[in-house]
Amino acid sequence: NSAIQSTTKKVEKAPKEGGVIKIGVLLPLSGVYASLGKNLQMGMELYFEGIGWKVAGRDIQLIVEDSEADPQVGLRKARKLIDQDQVDLLTGTVSTAVAYAIRDEVDKKKIPFLVSHAGGNDLTRSKRSDYIWRSSFSSWQIGYSLGQWAYDHVGKTVYIAAADYAFGREVSAAFKEAYTAAGGKVVGEVYPPLGNNDYSSYLTTIKNAKADAVYAFFAGSDAVKFVQQYEQFGLKKEKKLIGSGWLVSEDVRKQQGNAGVGTIASIFWDYHLDTKENKAFIEAFAKKYNARPTIEAMEGYDAARIIAEALEAVGGDASDPDKVVKAISNVQFVSPRGPIQFDKETHHIIQNMYIIETEEVNGQAENKVIEVIEKVKDPGQ
Amino acid sequence: MNKRMFISAAAILLLAAAPFLFSLFYLNLLAEILILAIFALSLNVLVGYTGLVSLGHAAFFGIGAYASALLSKEWSPQFLVTMLASLLIAAIAAAIIGLFCVRVNGFYFLMLTLAFSQMIYSFVHQSTTLTGGSNGLSGLPSPVFGTLDLSHPVFLYYVILLVFIVMYIVLSLMVKSPFGHVLIGIRENEMRMKAIGYNTTLYKYAAFIIAGAIGGVSGALYSTFNGFVSPNDVYWTMSGSVLIMVLIGGAGTMIGPVLGAAFIVVLETIVSSYTTMWTLIIGGVFILFVVFIPQGIVGFGRALTKPSANRLSFSRKAKALVKKEANQ
Amino acid sequence: MRKEAEKDVILHVEGISKHFGGLQIIKHVSLTVKKGERIGIIGPNGAGKTTFFNLLTGDLLPTGGKIYYKGKEITRMPNFRRAQAGIVRTFQKNNLLNELTVLDNLLLVLQRKRGMANIWFKPRNARRWLALFEEAEHLLQTWGLADIANERVKTLSYGEQRQVEILLGIAMEPDVLLLDEPTAGMSQAETNYIAELLRQLPKDITMMVIEHDLDVVFGLAERMIVLYNGSIFIDGAPEEVRSDERVNEIYIGKEKAAGASYL
Amino acid sequence: MDVIAAQLVNGVSYGMLLFVITCGLSLVFGILGVLNLAHGSLYMIGAYVAYTMTSQWFENFWLALIVAPLVVAVLSLAIELILLRPTYHLGHLSQVLLTFGLAYVIHDVTSMIWGSDVLSIPLPPPLSETLHLWNQDFPAYRLFVVAAGVVLAFCLWFVQEKTRWGAIIRAGLSDKEMINALGVNIKLVFTAVFLAGGYLAGVGGVIASPILGLYPSMEFQTLILALVVLVVGGLGSIAGTFVASLVVGIVETFGRFLVPELSLFLVFGLMVVILICKPDGLLGKQVVRH
Amino acid sequence: MLHIYNLNAFYGDSHILHNVSLTVERGKVTVLLGRNGMGKTTTIHSIMGMVPARTGKIVLEQIEIQDKASFQVSRLGVALVPQGRRVFPNLTVRENLMTTYRPVEGGWTLENIYAMFPRLKERESSMGGDLSGGEQQMLSIGRALLTNPKVLLLDEPSEGLSPLMVREVAEIIRQLKQQGLTIFLVEQNLAMALELADFVYILSKGSVVFGGAPDELDAHVKNKYLLLSS
Ligand SMILES: Nc1ncnc2c1ncn2[C@@H]1O[C@H](COP(=O)(O)OP(=O)(O)OP(=O)(O)O)[C@@H](O)[C@H]1O
Ligand SMILES: Nc1ncnc2c1ncn2[C@@H]1O[C@H](COP(=O)(O)OP(=O)(O)OP(=O)(O)O)[C@@H](O)[C@H]1O
Ligand SMILES: [Mg+2]
Ligand SMILES: [Mg+2]
């Protein structure tokens with residue numbers, strides 16, 4: 001099909017009876033976010049394997065493309081998936097920038113797109129599209145959920161330290177919104193660059209500020225460095241460290257040694273969540289990969305299930321994107337993270353948020369769920 | 001000469017026929033190649049002709065991209081308007097940055113350009129309200145020309161092709177002009193050029209501005225083409241990959257950077273669809289190039305066709321041409 | 001300086017000095033050069049001859065003193081501007097566009113001289129270009145370099161490069177031509193040839209020649225300056241200098257090796 | 001006042017960390033004239049090898065500090081002999097491309113071996129303590145980094161300025177053919193210098209990783225930082241690199257303290273200011289070309 | 001001491017030396033003359049291993065050196081004073097001299113060199129690149145002597161030197177010869193060359209066209225190969 005043909009004539013997608021359903025998966029498989037991407041992919045594959053790679057009698061094929069967490073590359077790859085591979089459905093993107101970058105393309109070409117990680121608020125707010133649904137989280141959910149709790153249980157003043165990029169800013173703004181609404185006071189804010197290597201200067205500043213606690217948003221290697229240096233520079237014994245779940249998530253906690261112990265964080269899933277769905281998930285994951293699942297693996301697992309259930313609901317006929325997104329909107333089940341369903345207004349997931357605390361268990365730092373905030377919805381604007 | 005004309009005509013025809021030959025995906029890839037080729041050509045003015053190796057050329061690409069994005073969003077989606085305005089803004093930025101950069105040489109020039117581009121990156125990355133921060137600006141209005149909507153990929157492709165051809169012609173005329181010869185002279189021996197009476201700093205400055213302005217055009221095309229712009233456009237990795245395009249293709253030639261851009265884009269897209277270890281393969285290719293084809297793709301082609309071809313010697317060719325024209 | 005004398009003075013140097021760190025290399029040198037004069041500059045190695053040239057051309061800026069050219073002060077004028085104004089030099093150490101051909105080197109000079117350097121696009125006017133090539137070819141013929149016109153400079157032998165160095169200076173159509181050891185490294189035959197050509201240059205070109213080949217410099221100069229330790233030691237007629245005992249002692253050193261006939 | 005003093009200590013220790021990271025690059029580029037864009041990669045390999053050693057083979061950090069850099073040195077030797085030696089004559093741009101390609105290759109090879117997770121090396125026991133200075137806590141390991149930086153700087157300076165080696169290398173940089181004709185096997189010397197540069201990169205990786213951690217793409221971040229320090233100091237001078245490390249460390253630390261909003265701009269802004277005022281860096285020598 | 005047999009040397013595709021054969025005798029001054037571009041420097045560079053010999057042999061005291069690297073040739077006791085001086089611009093005068101110094105009992109020392117060229121001592125800590133042309137020439141000669149060679153290759157050592165210094169250098173060459181050093185001299189200063197020479201070769205277009213004692217070099221030969229009419 002030449003470009004002229006495919007753009008002038010509307011090529012009808014025939015409901016291919018018994019043919020494969022192609023799902024385009026756009027994830028960063030190289031670069032800084034590679035391990036997130038890989039975990040998402042592992043989670044998806046785990047689920048699809050569980051259902052024998054078949055939905056409503058049709059085979060499922062994942063076409064995975066490396067977005068390199070670069071919006072340009074992401075768009076190029078999305079076009080490949082859509083135009084070249086003719087996928088029925090798109091899922092993935094760790095980076096919000098990539099999700100934003102392909103938003104118009106997906107919207108224009110009417111490809112159902114289930115966002116399985118990227119948390120930028122606008123995706124289900126100002127950039128909302130009929131074809132875009134998000135099963136992961138929004139920055140707002142992460143930050144906002146800890147505000148009230150922190151005021152009630154931690155202290156009346158906090159200092160905010162967050163990585164300087166859109167996500168870090170959005171999460172800390174949401175926290176601040178909730179925290180100040182509860183009556184707390186933010187005494188200072190600092191935004192070290194993403195990938196900063198030495199926090200000593202910031203930490204000295206924070207140490208000398210009068211705050212009961214520090215709300216931090218860092219992830220990956222930044223989280224390791226920040227939490228370690230937080231302890232080394234003697235802040236841990238003076239100010240409680242609170243933040244998003246990524247500060248002490250599965251992929252960094254071990255590397256932090258015991259520096260993270262005592263940290264309070266809010267998140268939508270934790271390894272130690274004590275439900276039978278979670279137990280089953282962890283067991284299945286461990287059996288297949290011989291490792292603990294991370295939160296991204298859980299996101300991939302859920303995304304796969306949502307896709308499968310939606311496809312099941314349309315009887316395996318993915319030819320009409322509107323029907324597919326409608327089916328997605330109706331999916332609800334109890335996931336390893338608790339009960340989930342979609343907000344039909346915002347296209348964003350409604351889920352529980354958990355307050356977790358890191359503690360030392362047999363010399364290892366482990367998280368414990370200390371509070372559940374049920375059915376958190378994104379306000380959608 | 002005739003052979004050359006023939007090849008050029010064939011190439012243009014082939015490019016013009018592309019929408020009828022290739023699928024949409026490849027057409028889009030081709031459009032992207034053309035845009036990056038303009039970008040590489042603009043850098044080549046500095047690296048290949050003037051001998052100034054810049055590792056901050058993405059600054060102008062990014063400025064063009066953001067300028068066009070913001071203008072189309074806030075002001076007017078008129079293609080010509082955004083394009084010219086971006087060119088102008090990039091040129092002004094180059095005029096300011098160049099003021100400092102052309103005073104230093106060699107590695108210091110490389111690092112100074114890097115520093116400026118990284119500062120622009122920092123700005124873009126941080127000023128969330130204006131530029132969307134790390135998420136970039138997306139959902140840009142599709143470009144229009146007069147009342148003609150250019151959002152259709154085939155239209156857009158032709159527009160890009162047109163800009164590419166114009167830029168290619170403008171630049172090749174420039175590098176073969178006396179002005180271009182002066183740049184080459186500066187690359188070879190700046191001190192001697194001064195002794196001959198050339199204000200080399202001014203020429204370098206001019207080259208810097210031209211390169212910046214055209215870099216801005218390519219950036220503007222890119223954001224128009226993609227419908228979004230992100231800080232990656234300004235990041236040093238962008239400067240790095242365009243430098244590699246120039247080097248792999250063959251610095252100091254016109255067709256080299258174009259081939260380099262095509263080679264890198266195709267390689268990256270194709271290889272990374274098959275393996276996540278694509279950096280390994282691309283890195284390996286770079287190494288093989290240096291070891292076996294140090295002159296770049298163009299040099300390789302030349303070596304195949306006429307083994308003892310000298311490097312660029314502008315007078316001999318020009319002389320033959322002039323003699324011929326004078327005879328007519 | 002008196003008014004009427006001023007008219008034919010082309011270059012006037014007033015007490016210039018140059019320090020490098022603690023070393024004073026040029027010490028308060030003053031000099032007046034008349035239009036069309038041919039001055040030979042000699043002096044021991046390291047006397048400051050090249051440095052003096054560098055000050056005149058603007059390749060170095062003096063630490064004190066003033067330089068006037070055609071009645072205007074040029075002490076701080078950048079080197080390329082002086083070159084445009086007609087003060088042209090050749091380098092003691094070959095300093096050419098090594099990757100380009102001899103013809104290319106020459107064309108870069110000529111295109112500027114003929115006001116074609118700021119054409120940004122390929123010239124339409126082929127006639128003008130042809131004239132330029134013809135001029136270049138003529139020059140190459142005259143200076144005996146036609147055979148190597150299309151050789152790249154870096155593939156030339158040392159002596160051949162020296163000749164190109166001079167040719168570029170001549171092609172600049174200088175008002176003041178500063179030649180820094182023009183014939184060093186040339187064979188005797190070439191030296192004779194080039195020296196003769198230099199002698200035949202138009203009389204209105206003011207020329208200053210640094211040269212250790214005494215035959216060349218005495219054959220060319222009508223006024224001799226001996227530079228010693230950064231100061232002008234003697235400034236006078238060639239015969240005067242030649243027979244000066246002190247010059248013999250510090251520079252030629254006749255009596256030291258009496259038998260030597262090769263100087 | 002205490003805060004200022006504490007920040008000064010932070011700045012110095014960060015500066016010395018930068019020096020430890022940069023000195024290998026400074027040696028190879030400033031002295032050998034090879035812009036080694038794989039420097040960060042060699043640094044990274046040093047860190048990863050040390051990680052494997054301390055976490056899997058033996059627990060001793062100090063042993064890893066001795067052994068891991070040797071591994072990197074051997075690798076550098078191979079790189080020099082196989083890739084650089086045949087391509088020196090092609091000039092700087094080719095080396096840029098070559099070493100960049102190498103960085104890409106190493107990037108994937110390390111992620112193949114060590115994965116793309118974030119890793120870290122715990123602080124070695126006697127230095128994992130926290131010291132109390134000026135009312136502030138300060139990790140003892142950072143003082144070790146300062147000491148290591150000073151020792152390295154002194155050794156390098158001594159070799160470069162006070163031994164014939166330094167002169168031979170500088171001579172080779174300006175005219176390889178000639179120094180060869182005077183009886184010096186300059187190829188061997190270059191190999192040795194590159195090897196030493198690789199060794200230092202490895203040392204940098206081992207020393208820095210307990211602070212900076214190990215994560216994918218760390219090498220490019222390190223490389224850029226090292227390049228900045230290098231130019232700020234000026235090429236060809238270990239003393240320059242040393243001063244620049246301190247300046248960058250202190251300016252960044254205080255910048256982050258006083259105007260944290262400008263954190264991202266600080267390093268590059270500093271570099272721009274310095275290069276505009278001193279086009280050859282703080283202590284750079286004008287490299288004479290002939 | 002040094003024999004060249006049928007040497008052919010190329011730069012890329014251009015054939016520069018055609019079957020050059022010549023002999024440099026032990027303890028003698030052998031002079032190579034020729035106009036610009038005839039291949040003198042190429043010959044010297046071939047001996048030094050800086051230009052590869054495509055065919056032919058170069059033998060130094062029974063050792064074939066045509067395939068050796070220049071540093072090996074140098075270590076066999078050959079030193080070069082190159083055309084264009086080629087001092088190391090970024091090394092001080094002292095470093096230029098001492099970096100490749102090879103001490104030999106009773107051989108050249110830094111003091112000797114400084115005594116011979118007092119100018120260098122005055123400039124001891126200047127950078128090589130800052131020296132005047134003539135000073136660089138002295139430095140280049142001094143540098144070669146300090147490797148204490150057995151064979152000295154001089155490529156136009158008088159270039160850029162004042163007459164006084166030319167005399168000085170001629171005197172040095174004479175002394176060196178007396179000390180038993182073998183000298184191969186390329187020189188444009190004909191008078192000086194002929195006075196020092198024990199044997200003369202003339203190179204024309206890459207071929208040896210004359211070889212003989214200096215007094216055999218009559219006007220005819222000079223006219224024919226050096227284009228000198230006397
Ligand atoms: N940039 C510099 N820094 C320090 N000293 C310098 C510099 N340039 C020249 N000199 C010194 O100044 C003195 C004069 O040098 P100059 O090149 O002018 O001599 P010259 O008269 O041309 O000698 P020659 O006949 O050997 O070429 C020399 O001793 C040289 O070492
Ligand atoms: N690098 C090179 N590449 C190609 N050709 C060269 C190169 N160097 C020299 N030649 C050519 O080789 C020939 C001999 O050069 P060579 O330098 O040996 O001459 P020479 O006798 O030393 O002359 P001079 O008296 O000028 O120093 C010349 O024709 C020159 O053009
Ligand atoms: Mg001089
Ligand atoms: Mg020669």
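Note that this is a predicted model, so its numbers are computed, not measured. Values reported hereafter were calculated over all heavy atoms of this structure, with side chains retained and with hydrogens, waters and symmetry mates removed. Here is how names work: the chains are called A, B, and so on, in the same order as the sequence lines, proteins then strands, and each is numbered from 1.
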- Look at L112(B), V104(B), V291(B) and state which one has the largest set of heavy-atom pairs under 4.5 Å with chain D. L112(B)
- Message: For chain D, which candidate among G283(B), G240(B), C101(B) shows the most heavy-atom pairs at distances under 4.5 Å?
- Response: G283(B)
Given heavy-atom pairs under 4.5 angstrom as the criterion, report whether the side chain, backbone, both or neither of [X] touches chain B.
{"X": "T87(D)", "value": "side chain"}
{"X": "L90(D)", "value": "side chain"}
{"X": "I106(D)", "value": "neither"}
{"X": "V228(D)", "value": "both"}
{"X": "L227(D)", "value": "both"}

[X] [atom1] to [Y] [atom2] distance, which is reported to the nearest 0.5 Å:
{"X": "T279(B)", "Y": "D108(D)", "atom1": "OG1", "atom2": "CG", "result": "2.5 Å"}
{"X": "L93(D)", "Y": "I244(B)", "atom1": "CG", "atom2": "CD1", "result": "11.5 Å"}
{"X": "I282(B)", "Y": "F100(D)", "atom1": "CD1", "atom2": "CZ", "result": "10.0 Å"}
{"X": "Q118(B)", "Y": "I224(D)", "atom1": "CD", "atom2": "CD1", "result": "6.0 Å"}
{"X": "D280(D)", "Y": "F107(B)", "atom1": "CG", "atom2": "CZ", "result": "12.5 Å"}
{"X": "M119(B)", "Y": "F265(D)", "atom1": "CE", "atom2": "CZ", "result": "7.5 Å"}

- Task: Using a 4.5 Å cut-off on heavy atoms from C-beta on, say whether the side chain of Y104(D) contacts that of I287(B).
- Result: no
- Within a strict 4.5 Å, meaning less than it, do heavy atoms of the W236(B) and F220(D) side chains meet? yes
- Does a sphere of radius 6.0 Å around NZ in K187(D) hold more than 12 heavy atoms from other residues, nucleotides or ligands, not counting ones at 6.0 Å or beyond? no
- A115(B) and V272(D): which non-hydrogen atoms are nearest, and at how many Å? CB-CG2, 3.5 Å
Could you pull out every donor-acceptor pair under 3.5 Å between side chains of residues 24-37 of chain D and any protein atom, sequence neighbours left out?
from: S26(D); atom 1: OG; to: T241(D); atom 2: OG1; distance (Å): 2.8
from: N36(D); atom 1: OD1; to: A38(D); atom 2: N; distance (Å): 3.0

- Query: Which answer fits F109(B), side chain, backbone, both or neither, if we ask what part of it has an atom under 4.5 Å from a heavy atom of chain D?
  - Reply: neither
- Message: If I measure from the heavy atoms of chain D, does V47(B) come under 4.5 Å with its side chain, its backbone, both, or neither?
- Response: side chain
- Query: So which residues of residues 247-261 of chain D are in contact with chain B at a heavy-atom cut-off of under 4.5 Å?
  - Reply: E261(D)
- Task: Using modelled atom types only, decide if a donor and an acceptor are shared between the side chain of Y108(B) and the backbone of L235(D) within a distance under 3.5 Å.
- Result: yes
